[in-house]
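Everything on this sheet refers to the single structure shown next.
Quick note: numbers below take in every heavy atom, side chains included, and nothing from hydrogens, waters or symmetry partners.
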Amino acid sequence: GQLDTTCHAFVGETVVLPCTTTPPGELALSKSMLYWQIGTKQLVHFNQNGQDSLEGQDEKFHDRTSLFLDQMKYGNFSLKLSNVQLEDDAEYSCIYRQTESHQTKKSTIKLNVSAAPTIEEPPSPSEQNQIPSGSPLDVPSLAVLPLSLLLLLVPLGLWHL
């Protein structure tokens, strides 16, 4: 199947993988199955007859996926994936199957995951060299302080002798 959509997310974010069908009227969810999966083996989320059924869900997606259950009957099968990880980068299939009519709708969503935005990354070596440029002002005052205390204490100490 060809790609329907590509989504982008950073590690740690929550992303919604869109999957919608536009039926006339409401869907009979009581006779349907909705699979979110990667390839043919990895089950990301499964909903049967309008109820989540996560026994076969891949461990790494445990407690990180959810559907918009209140919107499913209107054809919104989008999957919410929280705390996105680099290994979530994959092509996801959204497969909706009606049990009676054997009608199947499938869409493929590519999720591109990037490392966290650059703001949170440690400074590169070139930036680290520039950081001390602001600190020499602090260094002398810190070095002078203990020295002046010593100078004060020494005469006082001698005074009491």
Side-chain angles (χ1 to χ4, degrees), residues 1-139 142:
Q2 66 196 53
L3 278 180
D4 293 283
T5 313
T6 301
C7 294
H8 300 273
F10 288 112
V11 170
E13 283 186 340
T14 294
V15 68
V16 174
L17 302 179
C19 180
T20 52
T21 180
T22 45
E26 292 187 13
L27 295 172
L29 292 177
S30 58
K31 301 180 178 77
S32 70
M33 289 186 279
L34 175 67
Y35 299 85
W36 271 95
Q37 59 191 48
I38 298 172
T40 52
K41 302 266 189 287
Q42 207 172 6
L43 186 66
V44 178
H45 201 99
F46 178 57
N47 184 289
Q48 186 168 21
N49 306 330
Q51 302 290 314
D52 282 343
S53 175
L54 303 176
E55 292 82 36
Q57 184 185 41
D58 190 291
E59 261 309 292
K60 74 173 190 175
F61 293 104
H62 189 64
D63 284 341
R64 294 199 298 130
T65 60
S66 62
L67 300 169
F68 299 91
L69 297 173
D70 55 332
Q71 296 172 32
M72 281 180 63
K73 64 182 175 205
Y74 304 112
N76 182 355
F77 305 135
S78 301
L79 179 80
K80 189 163 126 185
L81 177 61
S82 56
N83 191 16
V84 171
Q85 300 300 309
L86 280 173
E87 57 268 23
D88 295 339
D89 190 299
E91 276 185 20
Y92 292 77
S93 297
C94 168
I95 303 159
Y96 174 70
R97 189 170 291 152
Q98 286 182 314
T99 338
E100 284 183 337
S101 63
H102 298 289
Q103 239 189 328
T104 301
K105 293 182 175 165
K106 178 180 177 179
S107 65
T108 307
I109 295 91
K110 172 84 178 93
L111 177 61
N112 290 331
V113 181
S114 316
T118 49
I119 309 157
E120 292 169 20
E121 287 179 8
S124 66
S126 65
E127 287 175 277
Q128 282 176 334
N129 294 342
Q130 293 163 8
I131 292 168
S133 68
S135 52
L137 297 171
D138 306 333
V139 175
L142 287 174

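- Sorted pairs that involve residues 57-86 and meet disulfide bond (SG atoms under 2.5 Å apart), not counting sequence neighbours, are lacking altogether.
- Between K106 and D4, the closest heavy-atom pair is O-OD2, 4.5 Å.
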Stepwise side-chain contact (heavy atoms from CB on, under 4.5 Å) check, F46 with W36: CA-CA 6 Å; F46 178 57; W36 271 95; over 6 Å; no
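- Within a 6.0 Å sphere centred on CD of E100, other residues, nucleotides and ligands contribute 12 heavy atoms or fewer.
- Distance alone, capped at 3.5 Å, is enough to place a donor-acceptor pair between the Q57 side chain and the V44 backbone.
- Taking each heavy atom of C7 and P18 in turn, the nearest pair found is SG-CD, 3.5 Å.
- Side-chain contact annotation: T21 with K105, donor-acceptor N/O pair under 3.5 Å present.
- In terms of heavy atoms, S32 sits closest to T99 at N-OG1, 3.4 Å.
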Worked check of side-chain contact (heavy atoms from CB on, under 4.5 Å) between V113 and V11: CA-CA 7 Å; V113 181; V11 170; 4.0 Å; yes
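- Two residues are said to be in side-chain contact when any heavy atoms from C-beta on lie closer than 4.5 Å; R97 and M33 meet this criterion.
- Shortest non-hydrogen contact noted between Q37 and G39 is NE2-O, 3.2 Å.
- Annotation for S30 and N49: closest pair O-OD1, 2.7 Å, computed over non-hydrogen atoms.
- Among residues at least two apart or in separate chains, salt bridge (Lys or Arg N to Asp or Glu O under 4.0 Å) pairs with a member in residues 37-65 are R64-D88.
- Using a 30° and 60° split on the angle between ring planes, Y96 and F77 fall in the parallel class, below 30°.
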Full working for side-chain contact (heavy atoms from CB on, under 4.5 Å) between L34 and M72: CA-CA 10 Å; L34 175 67; M72 281 180 63; 3.9 Å; yes
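- The shortest distance between side-chain heavy atoms of T6 and N112 falls below 4.5 Å.
- Remark: the backbone N or O of Q48 is not paired with any side-chain donor or acceptor of Q51 at under 3.5 angstrom.
- One finds the CD atom of E91 at 10.0 Å from the CD1 atom of I109 (value rounded to the nearest 0.5 Å).
- Using modelled atom types, no side-chain atom of T108 and backbone atom of S93 make a donor-acceptor pair closer than 3.5 Å.
- With rounding to the nearest 0.5 angstrom, the CG atom of N76 is 8.5 Å from the CG atom of D70.
- Remark: K110 engages D89 in a salt bridge (charged side-chain N to carboxylate O under 4.0 Å, His left out) (not counting sequence neighbours).
- Residue K80 forms a side-chain contact (heavy atoms from CB on, under 4.5 Å) with just one option from V15, T14, T65, and that option is T14.
- Taking NE2 of H45 as the reference point, atom SG of C94 lies at 11.0 Å (rounded to 0.5 Å).
- Rounded to the nearest 0.5 angstrom, L54 CG and S66 OG are separated by 10.0 Å.
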Evaluation steps, side-chain contact (heavy atoms from CB on, under 4.5 Å), between F61 and L81: CA-CA 8 Å; F61 293 104; L81 177 61; 3.8 Å; yes
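- Shown here for L111 and A9, the closest heavy-atom pair between the two residues is CD1-CB, 4.2 Å.
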